[in-house]
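Count residues from 1 along the sequence.
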Amino acid sequence: MSKRILLIIAATIFGSFNGFSNGIIQKDSSKPKTISFKIKLKSADKVKIAVSPLKYNKHLAYSFTLDDGYRSAYLTAFPLLNGGKISNSSINEWKIDQGGDGTVSEGLFYSDGMGNKIPFKLALAINGGSIRDLPENRGHLSWAEVKEMYNAGWDILNHGFHHATKHGTNYLTEVTENTNSIKQNLDFTMSHFVVPGGEGDEKYYLEYEKEALKNGYFSVASYYGVGPVFKVDSKVDLDKMISARTFVQSSKDTTSFKTMDKYLKTIDSIVKQKDPVWFNEFTHGTGSTNLWNLSMRFPDFKYYMTTLANKYGLKGNDSIWMAPWQEVYEYIWLRDRIKVDFQQKNKEVTVTIQLPEIPESFRNRDISLNVKTPSKFEIESNKDLRIKDDGKTTHKQIFIQLK
């Protein structure tokens, strides 16, 4: 077993918490309230209901982030995962190929367990100062491209306005100016921060961590911290979380898939764990050139993601929830703060859920319930609740989307 796999597995111990804190400093907009609905069973067998550790009752939540907002994210990664035309070779202003193989992708998917397929989604850690429309062969994304991926469910993370790291950097300005830039151009507020890498004063990343958390960011991905593997079968301490980043990168000296296979073996080892887990990784570019030798060549990226989809996605055992950091964070945050109660009387079960105040910046307000019953069932609720279930098929889960 490689050293990397051993280190990742060991990190599971340090990346999980039994403590619980409610230290969210952003203003909450969704006040505490209670929701309820009824389950109509076909038989009177006893029912057990519990909150699922992960959305859709999945075993592995896998979050993957593309740093720096390079255009290859839109030209190659987005169409591969979401479905669409992957760019042909595209030489950018730095004489680097950010394109792909020119094929048409049908998309890579997992399912919600209720008959719906969901495309793999990633996060983008971007610098607002680099986003622009020109030149045509630019190396970074445009605002329209970022918006399209955001609207498709990809998350946008703060990476500093200028990606500044050197001596003299105003860390507060880097954090807040990027916050304002994204708010002005895309009309939403980011809530998670990724420390930019580069040359700088010793432990400069601590300044970024401090300013991000002080200015309302829920978590920071940095050089050191908890994770990148988190056990999620119990409460997770998300309060002012600082997580360690690990990267997936192509080898400098080969174009074979041996390097990718090593990374994939790490995921295989994580999936084999008994309890559900959350794993988080990063890279930079995904074009045909290994950008700055810190990226994944497109053939490697395609092989890596396709292998994951074929093994753990819809075409495999369907155990993966391929979702960006913010989406998983928000699910776990809400999961750990709700209280579920149910009362059964013969073939009718009344379910009541007490909700907390939910931060204003949350994109996702979802609850998955694990249902244990041999009986098929139907849901009876008011029109204000958006509920899906698999009561007529495998009768194992109920999914609620809060407004």
Side-chain angles (χ1 to χ4, degrees), residues 24-27 63-74 78 122-134 138-151 153-201 203-223 225 240-243 245 247 280 282-285 291-292 294 324-327 329-330 359-363:
I24 301 301
I25 63 176
Q26 291 192 6
K27 182 181 179 181
S63 300
F64 200 94
T65 300
L66 305 181
D67 272 4
D68 300 349
Y70 294 119
R71 196 163 184 240
S72 58
Y74 183 79
F78 183 58
L122 309 185
L124 301 170
I126 66 172
N127 318 104
S130 299
I131 306 302
R132 61 194 194 279
D133 294 329
L134 296 172
R138 66 192 181 281
H140 288 95
L141 296 162
S142 68
W143 289 114
E145 290 165 345
V146 175
K147 184 177 182 179
E148 183 179 345
M149 288 186 280
Y150 177 78
N151 288 342
W154 288 41
D155 283 335
I156 309 301
L157 313 180
N158 192 334
H159 202 37
F161 187 69
H162 295 106
H163 200 283
T165 61
K166 293 183 178 180
H167 179 74
T169 294
N170 186 322
Y171 301 101
L172 172 60
T173 299
E174 281 293 306
V175 172
T176 57
E177 193 170 351
N178 208 36
T179 303
N180 296 335
S181 175
I182 273 60
K183 178 64 175 177
Q184 179 180 350
N185 288 281
L186 299 175
D187 196 29
F188 65 86
T189 300
M190 297 179 292
S191 55
H192 299 269
F193 190 87
V194 179
V195 173
E199 297 179 1
D201 294 336
K203 296 185 178 180
Y204 77 89
Y205 54 87
L206 296 177
E207 296 301 316
Y208 266 125
E209 294 169 7
K210 180 183 70 175
E211 296 299 346
L213 294 174
K214 189 170 70 174
N215 283 277
Y217 282 81
F218 294 119
S219 73
V220 178
S222 190
Y223 281 81
K240 300 183 184 299
M241 174 186 280
I242 298 176
S243 63
R245 285 196 292 170
F247 287 86
N280 183 43
F282 291 74
T283 197
H284 290 84
L291 182 65
W292 319 134
L294 296 170
W325 176 270
Q326 181 178 342
E327 182 178 340
Y329 180 102
E330 290 174 351
E360 200 172 295
S361 61
F362 272 32
R363 295 185 73 187

Undergrad: List the atom of Ser191, the atom of Ser361, and the distance in Å for their closest heavy-atom pair.
TA: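 Shortest heavy-atom contact: CB-OG, 3.7 Å.
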Undergrad: Kindly determine whether Arg363 and Glu330 satisfy salt bridge (Lys or Arg N to Asp or Glu O under 4.0 Å), including the steps that lead there.
TA: CA-CA 8 Å; Arg363 295 185 73 187; Glu330 290 174 351; over 6 Å; no
Undergrad: Test your reading of the model: is there a side-chain donor-acceptor pair from Ser243 to the backbone of Gly225, 3.5 Å cut-off?
TA: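 A pair under 3.5 Å: no.
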Undergrad: What closest approach, in Å, do Ser142 and Asp133 show between heavy atoms, and which atom pair accounts for it?
TA: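 Here Ser142 and Asp133 meet closest at CB-OD1, 3.2 Å.
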Undergrad: Closest approach of Thr165 and Gly198, non-hydrogen atoms and distance?
TA: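 Looking at all heavy atoms of both residues, the shortest contact is OG1-C, 3.6 Å.
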Undergrad: What distance separates Phe188 CZ from Asp155 CG, expressed to the nearest 0.5 Å?
TA: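 Phe188 atom CZ to Asp155 atom CG measures 8.5 Å (nearest 0.5 Å).
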Undergrad: As an exercise, state the distance from OH of Tyr329 to NE2 of His192, rounded to the nearest 0.5 Å.
TA: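 Tyr329 atom OH to His192 atom NE2 measures 6.0 Å (nearest 0.5 Å).
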Undergrad: Would you say that Glu207 contacts Asp201 through its side chain, given a criterion of any heavy-atom pair below 4.5 Å between the two side chains?
TA: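 Not in contact.
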Undergrad: For a side-chain contact (heavy atoms from CB on, under 4.5 Å) check, start with the C-alpha distance between Trp154 and Leu66, then their side-chain angles and the critical distance, and finish with the verdict.
TA: CA-CA 11 Å; Trp154 288 41; Leu66 305 181; 4.2 Å; yes
Undergrad: For the atom pair CD (Glu211) and OG1 (Thr169), what is the distance rounded to the nearest 0.5 Å?
TA: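 These two atoms lie 12.0 Å from each other.
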Undergrad: State, to 0.1 Å, how close Ala212 and Val220 come at their nearest heavy-atom pair, and which atoms those are.
TA: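 Result for this residue pair: CB-CG2, 3.8 Å.
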Undergrad: Any side-chain heavy atom of Pro196 sitting closer than 4.5 Å to one from Phe161?
TA: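 The answer is no, as the side chains (C-beta and beyond) never meet within the 4.5 Å cut-off.
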Undergrad: Which pairs with one or both residues in residues 162-190 pass salt bridge (Lys or Arg N to Asp or Glu O under 4.0 Å), sequence neighbours excluded?
TA: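 Found Lys183-Asp187.
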Undergrad: Asp68: which residues meet the salt bridge (charged side-chain N to carboxylate O under 4.0 Å, His left out) condition with it, sequence neighbours left out?
TA: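 Per chain and number, Asp68 pairs via salt bridge (charged side-chain N to carboxylate O under 4.0 Å, His left out) with no residue.
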Undergrad: Answer whether the closest heavy-atom distance between the side chains of Thr283 and Asp67 falls below 4.5 Å.
TA: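 With C-beta onward as the side chain, the pair stays apart.
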Undergrad: So, do Val194 and Phe282 sit near enough that their side-chain heavy atoms are less than 4.5 Å apart?
TA: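 Touching, per the 4.5 Å side-chain cut-off.
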Undergrad: Could you give me the CA-CA distance, side-chain angles and deciding distance for Leu186 and Tyr150, then say whether side-chain contact (heavy atoms from CB on, under 4.5 Å) is met?
TA: CA-CA 9 Å; Leu186 299 175; Tyr150 177 78; 5.8 Å; no
Undergrad: What distance separates Asn127 CG from Ser181 OG, expressed to the nearest 0.5 Å?
TA: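 Here the rounded value is 10.0 Å.
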Undergrad: Rounded to the nearest 0.5 Å, what separation is found between the OG atom of Ser130 and the CZ atom of Arg138?
TA: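 Result: 12.0 Å between the selected atoms.
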Undergrad: Less than 4.5 Å apart, side chain to side chain, heavy atoms only: is that true for Phe78 and Leu122?
TA: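 A side-chain contact under 4.5 Å is absent here.
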Undergrad: Using every non-hydrogen atom in the two residues, find where Leu141 and Arg71 come nearest and quote the distance to one decimal.
TA: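 Nearest heavy atoms, Leu141 then Arg71: CD2-CA, 3.7 Å.
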Undergrad: Measuring centre to centre across the rings, with the benzene-like ring taken for any Trp, is His140 within less than 6.0 Å of Tyr70?
TA: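 Ring centres of Tyr70 and His140 closer than 6.0 Å.
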Undergrad: Do Tyr204 and His167 have ring centres separated by under 6.0 Å?
TA: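 Ring-ring flag for Tyr204/His167: false, centres at least 6.0 Å apart.
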Undergrad: Apply the test side-chain contact (heavy atoms from CB on, under 4.5 Å) to residues Lys203 and Tyr205: give CA-CA distance (whole Å), side-chain angles for both, the deciding distance (0.1 Å), then the verdict.
TA: CA-CA 5 Å; Lys203 296 185 178 180; Tyr205 54 87; 3.7 Å; yes
Undergrad: What I'd like to find out is whether the side chain of Phe247 reaches to under 4.5 Å of the side chain of Leu294, using heavy atoms alone.
TA: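 With C-beta onward as the side chain, the pair stays apart.
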Undergrad: Testing the basics here: between Gly128 and Asn178, what is the closest heavy-atom pair and its distance to 0.1 Å?
TA: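 That closest heavy-atom pairing would be N-OD1, 2.6 Å.
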Undergrad: Could you check whether Trp325 and Ser219, counting side-chain N and O atoms only, form a donor-acceptor pair closer than 3.5 Å?
TA: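 Note: Ser219 and Trp325 side chains meet the donor-acceptor criterion.
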Undergrad: Which value, rounded to the nearest 0.5 Å, describes the distance between Ile242 atom CD1 and Tyr208 atom OH?
TA: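 Here the rounded value is 15.0 Å.
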Undergrad: Taking the side chain as everything from C-beta on, heavy atoms only, tell me whether Ile126 gets closer than 4.5 Å to Ile182.
TA: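 Yes, at least one pair of side-chain atoms sits under 4.5 Å.
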Undergrad: Are Phe362 and Phe218 close enough that their ring centres sit under 6.0 Å apart?
TA: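 Aromatic pair counts; centres sit under 6.0 Å.
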Undergrad: Passes side-chain contact (heavy atoms from CB on, under 4.5 Å), Ile156 versus Val146? Steps please.
TA: CA-CA 8 Å; Ile156 309 301; Val146 175; 3.7 Å; yes
Undergrad: Name the orientation class of the two ring planes belonging to His159 and His163 (parallel below 30°, tilted from 30 to 60°, perpendicular beyond 60°).
TA: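 Ring orientation, 0 to 90° scale: perpendicular.
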Undergrad: Answer yes or no: is there a side-chain heavy-atom contact under 4.5 Å between Tyr217 and Asn158?
TA: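 They are in side-chain contact.
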